[in-house]
Amino acid sequence: MAKIEDVKAMVEAGKAKLIPGLVQEALDEGSSAADILQSMIDSMGIIGDKFSAGEVFVPEMLMAAKAMSKGVEVLKPLLTGNAASSLGTCVIGTVQGDLHDIGKNLVSMMIESAGFKMIDLGVDVGAEKFINAVKENNDVNVVALSGLLTTTLLAMRETVQALKASGLTGFKVIVGGAPVSQEMADEIGADGFAPDAGSAAVKAKELASA
Ligand code: B1M
């Protein structure tokens with residue numbers, strides 16, 4: 001079996017300790033970093049489907065997430081460039097009530113490699129914390145909100161509205177995450193939406209130069 005298939009299977013099985021070695025072996029075998037990343041994203045989709053079907057539970061999702069994070073650590077230098085941080089500063093976080101951070105971390109990585117300085121507020125971030133980060137760093141030109149739960153879309157809406165009502169200026173808000181769509185982004189007053197990490201970086205650049 002090709003090593004990339006082993007990576008996919010072992011992420012799904014939550015074997016975090018095996019992943020760095022397997023990812024390296026897959027690279028050595030000639031698989032691209034982008035393909036290995038996609039194989040791990042596919043594993044998370046499978047785990048999610050199994051969770052929905054009641055075949056696995058929260059601990060298995062958590063173990064798979066840890067395994068994927070280990071793989072991303074190995075791939076990071078290959079997925080990111082060496083852009084000098086000159087496009088501005090991006091504040092990023094997963095919205096309040098939501099603990100999912102793998103997608104947010106990938107988005108952060110890609111926006112950073114596009115040339116932004118990143119201020120990562122982590123997960124379960126309330127509107128006030130986003131506002132304070134913009135206040136405390138006067139060169140923030142992008143705020144990026146991630147959300148994976150349908151139930152936290154309300155927090156995303158509230159955060160966008162609070163940022164817009166704060167009186168602070170000079171920044172644009174990008175939203176994304178599996179349950180988020182362009183339509184929803186427009187509806188909650190975000191300036192931009194991106195479906196994945198690569199396009200989030202493109203959108204951040206586009207908004208920062210608008
Ligand atoms: Co959770 N979880 N989870 N989970 N989890 C999902 C999201 C779910 C779809 C699984 C399912 O039921 N099929 C479901 C949500 C259903 C819904 O609301 N629609 C779900 C649920 C229900 C839950 C709990 C409620 C379970 C429970 O406790 N009963 C609970 C909630 C906890 C909380 O947040 N308060 C929970 C907990 C967890 C873990 C903690 C165990 C773990 C997260 C660990 C971690 O992140 N460190 C976890 C995991 C791993 C998942 C799945 C399996 C994988 C998520 C993931 O990392 N995907 C997920 C199922 C799935 O996604 N199919 C699931 C890979 C990642 C690369 O993709 O994050 O989508 P994603 O990011 C993408 C894009 O969305 C986009 O770019 C990325 C790729 O390029 N993107 C952006 C993301 N943010 C962006 C921001 C942007 C632009 C693009 O601009 C700013």
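Just follow the structure's listing: the first ligand is 1, and inside any ligand the first atom is 1. Hydrogens, waters and symmetry mates play no part in the numbers below; they use all other heavy atoms, side chains included.
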With nothing but distance in play, are any N or O atoms of Asp49 less than 3.5 Å from an N or O of ligand 1? no
Protein heavy atom under 4.0 angstrom of atom 36 (C) of ligand 1, is there one? yes
Going only through I, L, V, M, F, W and Y residues with side-chain contacts under 4.5 Å, is there a path from Ile41 to Leu22? yes
Hey, does the side chain of Thr152 reach the backbone of Ala155 with a donor-acceptor pair shorter than 3.5 angstrom? no
Given the protein's heavy atoms, is any one of them under 4.0 Å from atom 53 (C) of ligand 1? yes
Can you tell me which residue and heavy atom of the protein come closest to atom 88 (C) of ligand 1, and the distance to 0.1 Å? Ala194 O, 3.2 Å
Could you list which atoms of ligand 1 come closer than 4.0 Å to a heavy atom of Ser52? 11 (C), 12 (O), 13 (N)
Which atoms of ligand 1 are found less than 4.0 Å from any heavy atom of Leu106? 67 (C)
For Gly45, atoms of ligand 1 separated by under 4.0 Å from a heavy atom: 63 (N)
Could you find the nearest protein heavy atom to atom 84 (N) of ligand 1 and give me its residue, atom name and distance? Ser146 OG, 2.7 Å
Report yes or no: does Ala64 have a heavy atom closer than 4.0 Å to ligand 1? no
For atom 81 (N) of ligand 1, state which one of Gly177, Gly93, Gly103, Gly97 supplies the nearest heavy atom. Gly177
N/O separation below 3.5 Å, Ala197 to ligand 1: yes
Going by distance only, is there an N or O of Thr151 that falls short of 3.5 Å from an N or O of ligand 1? no
Is any side-chain heavy atom of Ser69 closer than 4.5 Å to one of Ile102? yes
Val142, Met118: one ILVMFWY side-chain cluster at the under-4.5 Å cut-off? yes
State, yes or no, whether a side-chain contact exists between Asp124 and Asp98 at a heavy-atom distance under 4.5 Å. no
Using the salt bridge (charged side-chain N to carboxylate O under 4.0 Å, His left out) rule, take Glu112 and Lys117 through it: C-alpha gap first, then chi angles, then the decisive distance, then the call. CA-CA 6 Å; Glu112 182 176 16; Lys117 178 185 157 201; over 6 Å; no
Can you tell if the side chain of Leu87 reaches within under 4.5 Å of the side chain of Lys205, non-hydrogen atoms only? yes
Among non-hydrogen protein atoms, atom 61 (C) of ligand 1 lies closest to Met44 O, 4.0 Å
Hey, is Asp101 touching ligand 1 through its side chain, its backbone, both or neither, going by heavy atoms under 4.0 Å? both
Distance from atom 40 (C) of ligand 1 to nearest protein heavy atom, with residue and atom: Leu62 CD1, 3.9 Å
Name each donor-acceptor pair under 3.5 Å that joins a side chain in residues 52-63 to protein atoms two or more places apart or in another chain, with its distance.
{"unit_1": "Ser52", "atom_1": "OG", "unit_2": "Gly48", "atom_2": "O", "d": "3.2"}
{"unit_1": "Glu60", "atom_1": "OE1", "unit_2": "Phe57", "atom_2": "N", "d": "3.0"}

Is any heavy atom of the protein nearer than 4.0 Å to atom 21 (C) of ligand 1? yes
Side chain to side chain contact (heavy atoms under 4.5 Å, CB included) partner of Asn105, chosen from Asp120, Val123, Val72: Asp120
Protein N/O/S atoms closer than 2.8 Å to atom 1 (Co) of ligand 1 number 1
If we count only non-hydrogen protein atoms and require a distance under 4.0 Å, does atom 45 (C) of ligand 1 qualify as touching the protein? yes
Within less than 4.0 angstrom of ligand 1, does Pro195 place any heavy atom? yes
Show which atoms of ligand 1 fall inside a sub-4.0 Å distance from at least one heavy-atom site of Asp98. 34 (O)
Report yes or no: does Asp35 contribute a side-chain atom to a donor-acceptor pair with the main-chain N or O of Ser31 at less than 3.5 Å? no
Would you mind writing out the side-chain donor-acceptor pairs for residues 185-204 within the sub-3.5 Å range, not counting sequence neighbours?
{"unit_1": "Asp186", "atom_1": "OD1", "unit_2": "Gln182", "atom_2": "NE2", "d": "2.9"}
{"unit_1": "Glu187", "atom_1": "OE1", "unit_2": "Arg157", "atom_2": "NH2", "d": "3.1"}
{"unit_1": "Glu187", "atom_1": "OE2", "unit_2": "Arg157", "atom_2": "NH2", "d": "3.4"}
{"unit_1": "Asp191", "atom_1": "OD1", "unit_2": "Lys164", "atom_2": "NZ", "d": "3.0"}
{"unit_1": "Asp191", "atom_1": "OD2", "unit_2": "Lys164", "atom_2": "NZ", "d": "2.8"}
{"unit_1": "Asp191", "atom_1": "OD2", "unit_2": "Val173", "atom_2": "N", "d": "2.7"}
{"unit_1": "Asp196", "atom_1": "OD1", "unit_2": "Gly198", "atom_2": "N", "d": "3.3"}
{"unit_1": "Asp196", "atom_1": "OD1", "unit_2": "Ser199", "atom_2": "N", "d": "2.8"}
{"unit_1": "Asp196", "atom_1": "OD1", "unit_2": "Ser199", "atom_2": "OG", "d": "2.7"}
{"unit_1": "Ser199", "atom_1": "OG", "unit_2": "Asp196", "atom_2": "N", "d": "3.4"}
{"unit_1": "Ser199", "atom_1": "OG", "unit_2": "Asp196", "atom_2": "O", "d": "3.2"}
{"unit_1": "Lys203", "atom_1": "NZ", "unit_2": "Glu206", "atom_2": "OE2", "d": "3.3"}

Measure the shortest side-chain to side-chain distance between Val180 and Leu153 over non-hydrogen atoms and say whether it is less than 4.5 angstrom. yes
Heavy-atom contacts under 4.0 Å between Leu145 and ligand 1: side chain, backbone, both, or neither? backbone
Distance under 4.0 Å to a non-hydrogen atom of Ala144: what atoms of ligand 1 satisfy this? 91 (C)
Test log, rule side chain to side chain donor-acceptor pair (under 3.5 Å), inputs Thr89 and Asp139: CA-CA 6 Å; Thr89 298; Asp139 59 346; 3.0 Å; yes
Tell me, which protein residue and heavy-atom name are nearest atom 75 (O) of ligand 1, and how many Å apart are they? Ala178 N, 3.2 Å
Let me know which of Glu25, Glu29, Gln24 forms a side-chain hydrogen bond (donor to acceptor under 3.5 Å, both in side chains) with Lys3. Glu25
I'd like to know if the side chain of Ser108 reaches the main chain of Lys104, judged simply by a donor and an acceptor atom lying under 3.5 Å from each other, with no hydrogens or angles considered. no
Atoms of ligand 1 close to Gly176 [distance to a heavy atom under 4.0 angstrom, numbered from 1]: 82 (C), 84 (N), 85 (C), 86 (C), 87 (C), 88 (C), 89 (C), 90 (O), 91 (C)
Going by the 4.0 angstrom heavy-atom rule, the piece of Val123 near ligand 1 is neither
Single-linkage hydrophobic cluster Val11~Phe51, side-chain heavy atoms < 4.5 angstrom: no
Which residues satisfy the salt bridge (charged side-chain N to carboxylate O under 4.0 Å, His left out) test with Asp101, sequence neighbours excluded? none
Within the structure, does Thr150 bring an N/O atom to less than 3.5 angstrom of an N/O atom in ligand 1? yes
Locate the shortest heavy-atom distance separating Thr94 from His100; write the atom from each residue and the value. OG1-O, 2.9 Å
